[in-house]
Amino acid sequence: MRPFGYLRVDSVDEAVRAAAGQPGAQFLAGGTNLVDLMKLGVEAPRTLIDVSRLPLDRVEELPDGGLRIGATVRNADLAAAPVVRDRYPVLSQALLAGASGQLRNTATTGGNLLQRTRCGYFQDTAKPCNKREPGSGCPAVDGAHRDLAVLGHSAHCVATQPSDMAVALAALDATVHLHGPEGERTVPATDFHRLPGDSPERDTEIRLGELLTAVELPPPRAGARSRYRKVRDRASFAFALVSVAAVLAVRDGVVVHVALAFGGLAHRPWRARTAEAALHGAPATEEHFARAAAAELAAAAPLRDNGFKVPLAQSLAVGVLTELAERADRADRADRADRAGRAGRADNG
């Protein structure tokens, strides 16, 4: 690890000013990914600006029914927060599917979103990597790419974004709040991470010197249910081969709202807009879910060794959506039975 300076700040403005005045500076909170990359020689910041003690560690309910999550809220605390478990179960499930309990106690909301790919070529400084050294090549295209992208990749990079939480936030239409030298701005979570194109070294839309301060969730949609499911090579502490975050609302057997996002398939969480458009207003049946997922994944361009991800993603999406639809149907039947029972008691009264 190369020598570096260290600076602790007391406010967001001080952090931004410090970053502007310290070329090569990076923000440090939990450090669960950044410090590992520093040990590997992948990251070599000249100065670490410690933001872990800033007042960004709260989960706050908003007047409109939404939720504001501070950037330094620990993953374990966010997953366990009653308001998250009750109103946004897909987010709690995604957080609990990531890493180990020990790491979740340290990792933060902002750091989770900003974590970098686990592609082996990126993490090995003895090998070329366009993400680490633009223009050096992407050996993963013809090399070890079983775990890598099948959607949205380019000849310059086939890496995937590893965050479970980011997939859930994409399905929830979250908004990322940033504070930088030019002031505050917001970016939709669906647009925060980038596809690689010809500049794979840029993971996100964050600008130089900007600090991620919060994530905001809109109010839960009435009657919607949500679920996160992840397929991995082992039962714990493994990144997703494929994951799915889904939010579904059904009325009288018809889809009235659906949001679907895939993880493990692309350089960013993949919001399945084609599938959503096909399902809106359609019967909430396994057959229609399968058609919609197939339409979304028709754009996939798998590499030599990762074609299995396409049918796996389709099966996972269909399973999750079917589960949510069945839960909605059971709830509707129970509600109708309850109303009928109350009406009968009123007639007999």
Side-chain angles (χ1 to χ4, degrees), residues 30 32-33 36-37 40 75-76 78-80 85 88-107 109 111-124 131 140 143-153 157-172 193 203 226-247 260-272 293 296-297 300 302-324:
T32 55
N33 184 221
D36 282 347
L37 293 177
L40 292 170
N75 287 177
L78 184 58
R85 289 188 300 157
Y88 308 95
V90 65
L91 177 56
S92 181
Q93 293 161 7
L95 287 162
L96 293 173
S100 64
Q102 186 177 29
L103 285 173
R104 290 195 297 270
N105 285 334
T106 302
T109 298
N112 191 312
L113 277 176
L114 293 171
Q115 65 181 296
R116 307 204 71 186
T117 184
R118 266 46 178 203
C119 174
Y121 297 102
F122 171 71
Q123 294 187 325
D124 186 348
K131 181 175 284 295
H145 53 236
R146 173 181 175 269
D147 299 344
L148 302 182
V150 298
L151 285 166
H153 55 78
C157 183
V158 295
T160 52
Q161 215 292 325
S163 170
D164 294 291
M165 183 186 75
V167 183
L169 293 178
L172 289 169
H193 295 94
D203 292 347
S226 66
R227 182 79 165 88
Y228 183 79
R229 189 173 294 166
K230 175 179 178 179
V231 175
R232 46 192 164 179
D233 282 329
R234 57 182 185 271
S236 64
F237 199 19
F239 297 100
L241 291 171
V242 179
S243 65
V244 167
V247 181
L260 183 68
F262 289 103
L265 299 186
H267 200 257
R268 69 182 182 193
W270 189 270
R271 184 67 182 264
E296 184 68 44
L297 294 165
L303 304 171
R304 181 192 63 241
D305 298 328
N306 66 1
F308 72 95
K309 284 192 171 191
V310 178
L312 179 59
Q314 178 168 348
S315 176
L316 193 63
V318 172
V320 168
L321 290 169
T322 301
E323 175 190 333
L324 293 176

**Report entry** Thr160 vs His153 side-chain heavy atoms within contact, under 4.5 Å
**Finding:** no
Query raised in the report: Between the main-chain N or O of Ala170 and the side-chain N or O of Arg271, is there a donor-acceptor pair closer than 3.5 Å?
Result: yes
Query raised in the report: side-chain contact (heavy atoms from CB on, under 4.5 Å) between Lys230 and Leu96: does it pass, once the steps are laid out?
Result: CA-CA 11 Å; Lys230 175 179 178 179; Leu96 293 173; over 6 Å; no
Report task. Mark yes or no for whether Asn306, through its side chain, and Leu148, through its backbone, hold a donor-acceptor pair below 3.5 Å. Result -> yes
Query raised in the report: Counting distance only, does the side-chain N/O of Lys309 pair as donor-acceptor with the main-chain N or O of Leu241 below 3.5 Å?
Result: yes
Query - Non-hydrogen atoms of Gly263 and Val167 that approach each other most closely - result: CA-CG2, 3.6 Å
Query - His267 side chain reached by His193 side chain, heavy atoms, under 4.5 Å - result: no
Report task. Inspect the contact between Arg146 and Asp233 and indicate whether a charged nitrogen and a carboxylate oxygen are less than 4.0 angstrom apart. Result -> yes
Query raised in the report: Within the side chain of Thr322, is there an N or O that forms a donor-acceptor pair under 3.5 Å with the backbone of Val318?
Result: yes
Report task. Would you mind reporting whether Asp164 and Tyr228 have side-chain heavy atoms less than 4.5 Å apart? Result -> yes
Report task. Mind listing the closest non-hydrogen atom pair of Phe262 and Ala313 along with its distance? Result -> CE2-O, 3.5 Å
Query raised in the report: Taking side chain as C-beta onward, heavy atoms only, is Lys131 less than 4.5 Å from Tyr121?
Result: no
Query raised in the report: Any sub-3.5 Å donor-acceptor pair from Gln161's side-chain atoms to Gln115's backbone N or O?
Result: yes
Report summary line: Closest heavy-atom pair, Val320 versus Ala246, reported as atoms and distance to 0.1 Å, is CG1-CB, 3.7 Å
Query raised in the report: What's the verdict on side-chain contact (heavy atoms from CB on, under 4.5 Å) for Leu260 and Val244, showing C-alpha distance, side-chain angles and the deciding distance?
Result: CA-CA 7 Å; Leu260 183 68; Val244 167; 3.5 Å; yes
Requested in this report: Would you confirm whether His145, through its side chain, and Arg304, through its main-chain N or O, come within 3.5 Å as a donor-acceptor pair?
Outcome: yes
Query - Non-hydrogen atoms of Ala140 and Val158 that approach each other most closely - result: CB-CG2, 3.7 Å
Requested in this report: Return yes if a side-chain donor-acceptor contact under 3.5 Å exists between Tyr88 and Ser226, otherwise no.
Outcome: no
Query raised in the report: Pick from Asp36, Thr117, Leu40: which one makes a side-chain contact (heavy atoms from CB on, under 4.5 Å) with Gln123?
Result: Leu40
Query raised in the report: Quick one: does Arg116's side chain have a donor or acceptor within less than 3.5 Å of a partner on Leu114's backbone?
Result: no
Report task. Return the minimal non-hydrogen interatomic distance between Val310 and Pro302, and the atom names on each side. Result -> CG2-CG, 4.3 Å
**Report entry** Spacing of OG1 belonging to Thr109 relative to CE belonging to Met165, to within rounding of 0.5 Å
**Finding:** 5.0 Å
Query - Taking every non-hydrogen atom, the tightest pair across Ala293 and Gln314 - result: CB-CG, 3.9 Å
Query - CG on Asp147 to SG on Cys119, rounded to 0.5 Å - result: 9.0 Å
Query raised in the report: Just wondering, do Trp270 and Leu297 contact through their side chains at under 4.5 Å, heavy atoms?
Result: no
Query raised in the report: At what distance, to the nearest 0.5 angstrom, does CG of Leu169 lie from CG of Leu95?
Result: 8.0 Å
